[in-house]
Q: 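This is the structure, below, for whatever I ask next.
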Amino acid sequence: LKRVRTDIGAFLDWGEQAMPRLVERVTNELDRMLLGFGSGVKAQVASVDAGNKTITLKNAMGVDGLGGAAFQFLQNESLRAATTPAGTTLRAGAMIVEDIYHATNQIKVDEIATNLAEDDYLAEGDAADNSFGKDPMGLLGIVDDGGILATFQSIDRTQYTAWRGHVIDAQAVFGAGQRLTEEVVVYADDVAYIRGGAKVDVIVTSRDGLRDLWKDLKGDRSFNDPRSYTGGKGGIFIILGDRVVPIRVARKMPPDLCFGLTRKHLKKWMLNKFEWDDTTGSLFRQVTDSTGRKDAFYAYGSTQLETGSDDPQKHFRIENVVTGAAAT
């Protein structure tokens with residue numbers, strides 16, 4: 001850092017490489033947060049291989065049975081483990097993610113936290129602080145019937161049914177091994193419209209879900225000029241009643257899920273954009289610990305963000321869809 005700061009050109013060269021990576025990391029974390037339900041939990045521990053320093057994951061975002069746990073993590077991030085989703089009892093020691101094995105749903109860390117065990121919860125954090133219970137609200141909390149988040153925006157969903165989103169279990173309704181298809185989406189839209197008066201105007205799913213939905217929808221296309229045709233998939237839309245609704249993909253979306261959203265009933269409150277803290281006159285501070293100062297520096301910033309909905313019944317969530325080779 002000292003060499004970087006000695007020359008304006010050197011600083012710019014360093015910034016051109018480092019800052020885009022930081023933006024990508026922040027974007028990934030915001031994507032993850034805005035799909036969750038405010039818990040800060042990324043996944044649970046399925047098993048621990050202390051010898052190889054690997055952790056097998058399960059239950060993305062701490063929700064039973066939710067897939068895509070490995071996609072919630074980033075290399076080089078710091079993690080804390082806790083015995084409860086609220087993070088009330090933390091395991092000793094922070095863990096740095098060194099590698100992510102998507103095929104086996106595992107992460108490799110520099111050290112295993114003390115007494116890390118099956119069913120522990122994992123969230124961002126280090127010795128100074130952690131993210132348990134500190135994320136902004138996401139779609140899993142907004143579009144829920146109380147199964148994941150019983151109290152939403154201080155209202156008990158068991159006592160106020162109008163505060164429940166529409167949740168459709170694809171396998172319970174359509175049978176085991178059900179993929180995300182046009183029939184499933186149309187059914188969910190009908191449920192949301194009949195019961196809540198919803199007119200969904202965007203569908204959000206995973207890339208896995210989009211692939212299955214694209215395979216089902218592409219049989220509906222027609223050829224006006226059969227002499228020229230380009231294959232593949234680009235912008236995909238679905239007709240729902242009197243609406244042509246775009247289908248969007250979120251990278252951090254668990255493959256089990258698909259959301260139908262009415263955008264005017266989603267809310268975002270932001271007090272300020274992300275700002276670096278420079279109260280000492282510099283963005284950079286030297287790292288210190290109990291033994292003294294280190295040859296390392298850090299910078300931090302903050303933003304205030306919350307999301308919600310003024311009418312959860314204007315949205316639906318399809319869950320428990322099967323994707324890829326696991327589908328029958």
Side-chain angles (χ1 to χ4, degrees), residues 19-44 57-63 65-79 97-108 122-124 131 135-143 148 170 179-180 185 200-215 217 232-238 245-261 263 266 268 270 274 303 305 307 315-327:
M19 298 312 288
R21 294 173 186 170
L22 175 62
V23 171
E24 182 180 6
R25 181 171 292 275
V26 172
T27 300
N28 273 277
E29 284 304 303
L30 285 173
D31 285 349
R32 175 193 60 78
M33 293 175 189
L34 297 178
L35 292 172
F37 62 100
S39 71
V41 173
K42 293 195 168 194
Q44 282 185 268
L57 306 166
K58 65 178 181 180
N59 298 342
M61 302 177 182
V63 178
L66 200 58
F71 289 104
Q72 310 308 314
F73 296 84
L74 296 170
Q75 285 181 304
N76 299 317
E77 72 174 325
S78 180
L79 300 176
V97 178
E98 294 185 338
D99 209 347
I100 301 171
Y101 308 131
H102 293 288
T104 55
N105 214 29
Q106 294 177 313
I107 55 174
K108 178 178 173 58
L122 301 174
E124 272 196 304
S131 294
D135 279 2
M137 183 54 59
L139 292 180
L140 274 173
I142 295 170
V143 191
I148 294 175
R179 293 179 182 268
L180 186 62
V185 175
V200 164
D201 56 17
V202 65
I203 303 294
V204 184
T205 187
S206 66
R207 192 165 288 269
D208 289 324
L210 179 66
R211 189 167 55 248
D212 280 341
L213 191 52
W214 166 72
K215 286 175 64 178
L217 290 173
K233 62 181 175 67
I236 299 177
F237 300 81
I238 185 171
V245 178
I247 302 169
R248 300 286 186 254
V249 168
R251 179 176 177 269
K252 294 290 184 177
M253 178 77 75
D256 323 64
L257 300 178
C258 175
F259 290 92
L261 307 172
R263 282 174 285 191
L266 290 174
K268 180 175 77 171
M270 179 178 285
F274 184 86
T303 187
L305 169 70
T307 59
H315 320 288
F316 67 74
R317 182 177 87 226
I318 302 168
E319 62 182 17
N320 209 16
V321 295
V322 177
T323 59

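By convention here, the first residue in the shown sequence is residue 1. Scope of the values below: all heavy atoms of this structure, side chains included, with no hydrogens, waters or symmetry mates.
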Q: May I have the step-by-step check of side-chain contact (heavy atoms from CB on, under 4.5 Å) for Leu213 and Ile236, ending in yes or no?
A: CA-CA 9 Å; Leu213 191 52; Ile236 299 177; 5.8 Å; no
Q: Quick check: do Ile142 and Met137 have side-chain heavy atoms less than 4.5 Å from each other?
A: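 When only atoms from C-beta onward are counted, Met137 and Ile142 do touch, with a gap below 4.5 Å.
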Q: Does Asn105 have any side chain to side chain donor-acceptor pair (under 3.5 Å) partners at least two apart in sequence or in another chain, and if so, which?
A: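 Asn105 satisfies side chain to side chain donor-acceptor pair (under 3.5 Å) with no other residue.
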Q: About how many Å separate CD1 of Ile100 and NZ of Lys108, when rounded to the nearest 0.5 Å?
A: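 These two atoms lie 13.5 Å from each other.
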Q: To the nearest 0.5 Å, what is the distance between CD on Glu124 and CG on Leu74?
A: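 So the CD of Glu124 and the CG of Leu74 are separated by 7.5 Å.
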Q: Can you tell me how far CZ of Arg25 sits from CD of Gln75, rounded to the nearest 0.5 angstrom?
A: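 Rounded to the nearest 0.5 Å, the CD-CZ separation comes out at 8.5 Å.
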Q: Please find the pair of heavy atoms, one from Phe73 and one from Lys252, that lie closest to each other, and give the distance.
A: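 Looking at all heavy atoms of both residues, the closest pair is O-NZ, 3.9 Å.
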Q: Compare every heavy atom of Asp208 with every heavy atom of Pro255, then report the nearest pair and how far apart it is.
A: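 Closest pair (atom of Pro255, atom of Asp208, distance): CB-OD2, 3.6 Å.
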Q: Tell me, do Leu261 and Leu266 make a side-chain contact under 4.5 Å, heavy atoms counted?
A: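 Leu261 reaches Leu266 side chain to side chain.
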Q: What are the two closest heavy atoms between Asn320 and Ala170, and how far apart are they?
A: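 Asn320 and Ala170 have their closest heavy atoms at O-CB, 4.1 Å.
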Q: In Å, rounded to the nearest 0.5 Å, how long is the span from CG of Asp256 to CG of Leu66?
A: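 Answer rounded to 0.5 Å: 5.0 Å.
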Q: Return yes if some donor-acceptor pair links the side-chain N/O of Arg251 with the main-chain N/O of Asn28 below 3.5 Å, else return no.
A: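 Checked: no pair found.
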Q: List the atom pairs, donor and acceptor, that lie under 3.5 Å between side-chain atoms in residues 30-43 and the rest of the protein, sequence neighbours left out.
A:
residue: Arg32; atom: NE; partner: Glu29; partner atom: OE1; Å: 3.1
residue: Arg32; atom: NH1; partner: Asp135; partner atom: OD2; Å: 3.0
residue: Arg32; atom: NH2; partner: Glu29; partner atom: OE1; Å: 2.9
residue: Ser39; atom: OG; partner: Val41; partner atom: N; Å: 3.1
residue: Lys42; atom: NZ; partner: Glu29; partner atom: OE2; Å: 3.0
residue: Lys42; atom: NZ; partner: Gln72; partner atom: O; Å: 3.2
residue: Lys42; atom: NZ; partner: Glu77; partner atom: OE1; Å: 2.5
residue: Lys42; atom: NZ; partner: Glu77; partner atom: OE2; Å: 2.9

Q: Measure across Gln44 and Asn59 and return the closest heavy-atom pair with its distance rounded to 0.1 Å.
A: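 That closest heavy-atom pairing would be OE1-ND2, 3.0 Å.
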Q: Do Phe259 and Leu140 touch side chain to side chain, with heavy atoms closer than 4.5 Å?
A: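 Side chain of Phe259 against side chain of Leu140, heavy atoms only: contact under 4.5 Å found.
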Q: Return the minimal non-hydrogen interatomic distance between Ala69 and Leu57, and the atom names on each side.
A: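 Answer, listing the atom of Ala69 first, then Leu57: CB-CB, 3.8 Å.
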Q: Does the side chain of Leu139 reach to within under 4.5 Å of the side chain of Leu257, using non-hydrogen atoms?
A: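 No. Closest side-chain heavy atoms not under 4.5 Å.
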Q: CD1/Ile247 to CG/Leu217 distance, rounded to the nearest 0.5 angstrom?
A: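 Ile247 CD1 to Leu217 CG: 5.5 Å, rounded to 0.5 Å.
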Q: Any idea which heavy atoms bring Val143 and Arg317 closest together, and the distance?
A: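 Closest pair (atom of Val143, atom of Arg317, distance): O-NH1, 2.5 Å.
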Q: If you draw a 6.0 Å radius around CD in Glu24, do more than 12 non-hydrogen atoms from other residues or ligands fall strictly inside?
A: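 No, because the 6.0 Å sphere around CD of Glu24 holds 12 heavy atoms or fewer from other groups.
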Q: Is there a side-chain contact between Leu180 and Thr323 in this structure, where contact means two heavy atoms from C-beta onward sitting under 4.5 Å apart?
A: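 Side-chain contact under 4.5 Å: no.
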Q: Answer whether the closest heavy-atom distance between the side chains of Leu79 and Ile107 falls below 4.5 Å.
A: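 The answer is yes; the side chains approach within 4.5 Å.
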Q: Could you measure the distance from the CG atom of Leu210 to the CZ atom of Arg248? Nearest 0.5 Å is fine.
A: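 With rounding to 0.5 Å, CG (Leu210) is 10.5 Å from CZ (Arg248).
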